[in-house]
Number of protein chains: 2
Amino acid sequence: MPLVRKLGAFVALSGAEIDVLEGLRKRRRTFVAGRDLVHQGQSDQVAYILMSGWACSYKDLVDGQRQIVDFQVPGDFLGLRSVLLHISDHSIEPVTDIEVTEILKADLLEAFAQTPRLALAIFWAVSRDEAMVVEHLVGIGRRNAAERLAHFLLELGARLALIGQGSKAGFDYPLTQYLLADALGLSAVHVNRVLRHLREADLLTFRDGHVRFIDYDGLTDFADFDPSYLDQVGPLLT
Amino acid sequence: MPLVRKLGAFVALSGAEIDVLEGLRKRRRTFVAGRDLVHQGQSDQVAYILMSGWACSYKDLVDGQRQIVDFQVPGDFLGLRSVLLHISDHSIEPVTDIEVTEILKADLLEAFAQTPRLALAIFWAVSRDEAMVVEHLVGIGRRNAAERLAHFLLELGARLALIGQGSKAGFDYPLTQYLLADALGLSAVHVNRVLRHLREADLLTFRDGHVRFIDYDGLTDFADFDPSYLDQVGPLLT
DNA sequence: TCGATGGGCTGATCCAGATCAGGCGATCAT
DNA sequence: ATGATCGCCTGATCTGGATCAGCCCATCGA
């Protein structure tokens, strides 16, 4: 299970703790691509763990624009923040068909009371998510389009590497350039142009559902990518 | 104590829980304006609760720019994220002289184990902080300079109202236009111009250390400010 | 088989906000 | 009393990325 793998990067979980996580298998559900699981303004107090597929969390603006806050990959929580806040401040949309397991507020209380170490591990995961949002903020606020895009793809690569789905060579993605634009605060037109620049600079390619890092070190340098905020020790094996 | 007041907006804390918080008084420290308390890359695993004064958390880029992620006001946590992550991914600078109380990682574990409700309240505060960062991300990504600035000041007003230091009429601030620019992803020059526009549109004034909301409802409308992400029920009394 | 749709790609034009280059007044140290 | 510094303010110019308008190709349902 990808979550166990991810949390394992932070603390060695005991058998009992892993059992708690594995016990969640029972509440498995699936959702189809494109139809929101959580909608802005809803007050369900339910979160999910993503088991397979990709999702994204985003906010809509009145004028019809939207900002994608982050993509979620297997092992990530969906909507954990809205369990504590009374109203969900964002929407979540599956990018692909996805499988999830449900977490209720009661589960969280249970985890806090019974297995403080597991609670701490969840707290770590939440902190890491927040660190990623902060990094996106910095990217949108201060990096130009090319650096921002490169940085974003490097981050995704590192995150996927942690669950065994990416490496320094690249990774498979289910994203469109429109999704990327919504995440990066750019127009789809400009995303396309920037991808061409990166390709022409022999840094990476982005096509047919696969990112290939051609010059990983050059790219890291270009994007000023310092993965320490991801808190992964040896993030990229290959 | 402002933290008690803030958490009280989420759960009614028991006497015992308040005692735990009040017990932190002993580890009070002060810092002078401008000198970083926490520096990017440091690995101290210590956080603080801000008792008085303002601070800001920010990230530096290689090219000398910086992005302020958020300002902290009394009752807010400083650097809580870096207690869990092994390395602090950001810096924290006091905007004014500040008073803080220290929280060690051990305290946090203690809180999780002993008083799960308090732990939940802290979790709530962290979720709220994250929701604010997300809102800033949306602002920088998709709002124009004027909307972004107005939204930001309205948010600050609401946050200060929660601890009794602001209202629909306005609030006192210790910020410069340069700080505002670093927070909003704008240049200081442009912040100045936008402030003039907002003043000329009879929406607000920003001078002599005091924000005055001239047309609160008009401003809310203009900035598309929906405070539900702050999870405050009756945020603005006056 | 042929529209319709969705994703990718491109050139031309436009504009919000950056950058450059200052000026003004208040405070403060010598 | 005089620089130096800091915060605020302004006009002129430049530019990164948006917007507009459209083409190409693959897929898919009727």
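Residue numbers start from 1 in every chain, and the chains themselves are labelled A, B, ... in the order their sequence lines are given, proteins ahead of strands. The structure presented is a predicted model; accordingly, all values stated were derived computationally and were not measured.
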Once you round it to whole Å, what is the distance between P of C:dA18 and CD of B:Gln177? 14 Å
Could you check how far OH of B:Tyr178 sits from P of D:dT5, rounded to whole Å? 14 Å
Compare the minimum distances between each of D:dG11, D:dG17, C:dC9 and the side chain of B:Arg196, then state the nucleotide with the smallest one. D:dG11
Would you say the ring centroid of A:Phe206 lies under 6.0 angstrom from that of A:Tyr173? yes
Take atom CG of A:Asp182 and atom P of D:dA18, then tell me their distance rounded to the nearest Å. 11 Å
Under 4.0 Å between a side-chain N/O of A:Asn192 and OP1 or OP2 of C:dC9, yes or no? yes
What is the distance, to the nearest angstrom, from the CG atom on A:Asn144 to the P atom on C:dG17? 17 Å
Can you name the residues that form a side chain to side chain donor-acceptor pair (under 3.5 Å) with B:Ser52, not counting sequence neighbours? B:Glu99
To the nearest angstrom, the CD1-C1' distance between B:Ile140 and D:dG17 comes to 17 Å
Rounding to a whole Å, what distance do you find between B:Leu180:CG and D:dC8:P? 9 Å
Classify the nucleic acid contact of B:Gly209 as base, sugar-phosphate or nothing, counting any heavy atom under 4.0 Å across all strands shown. nothing
Passing option when A:His90 is tested against A:Gln67, A:Gln40, A:Arg81 for side chain to side chain donor-acceptor pair (under 3.5 Å): A:Arg81
Which label fits B:Phe152 and B:His136: parallel for a plane angle under 30°, tilted from 30 to 60°, or perpendicular past 60°? tilted
In whole Å, I'd like the distance from the CZ atom of B:Arg207 to the P atom of D:dC8. 11 Å
Give me the distances for all protein-to-nucleotides 19-28 of chain C N/O pairs that come in under 3.5 Å?
from	atom 1	to	atom 2	distance (Å)
C:dT19	O4	B:Arg193	NH2	3.1

For the ring pair B:Phe222 and B:His151, is the centre-to-centre distance below 6.0 Å? no
Under 6.0 Å from the CZ atom of A:Arg28, do we count more than 12 heavy atoms belonging to anything else shown? yes
Chi angles and distances behind the salt bridge (Lys or Arg N to Asp or Glu O under 4.0 Å) call for A:Arg148, A:Glu135: CA-CA 10 Å; A:Arg148 198 186 309 171; A:Glu135 196 59 43; over 6 Å; no
What is the distance, rounded to the nearest whole Å, between atom CZ of A:Arg143 and atom P of D:dG16? 18 Å
Minimum-distance nucleotide to B:Thr176 side chain [options: D:dT10, C:dG8, D:dG7]: D:dG7
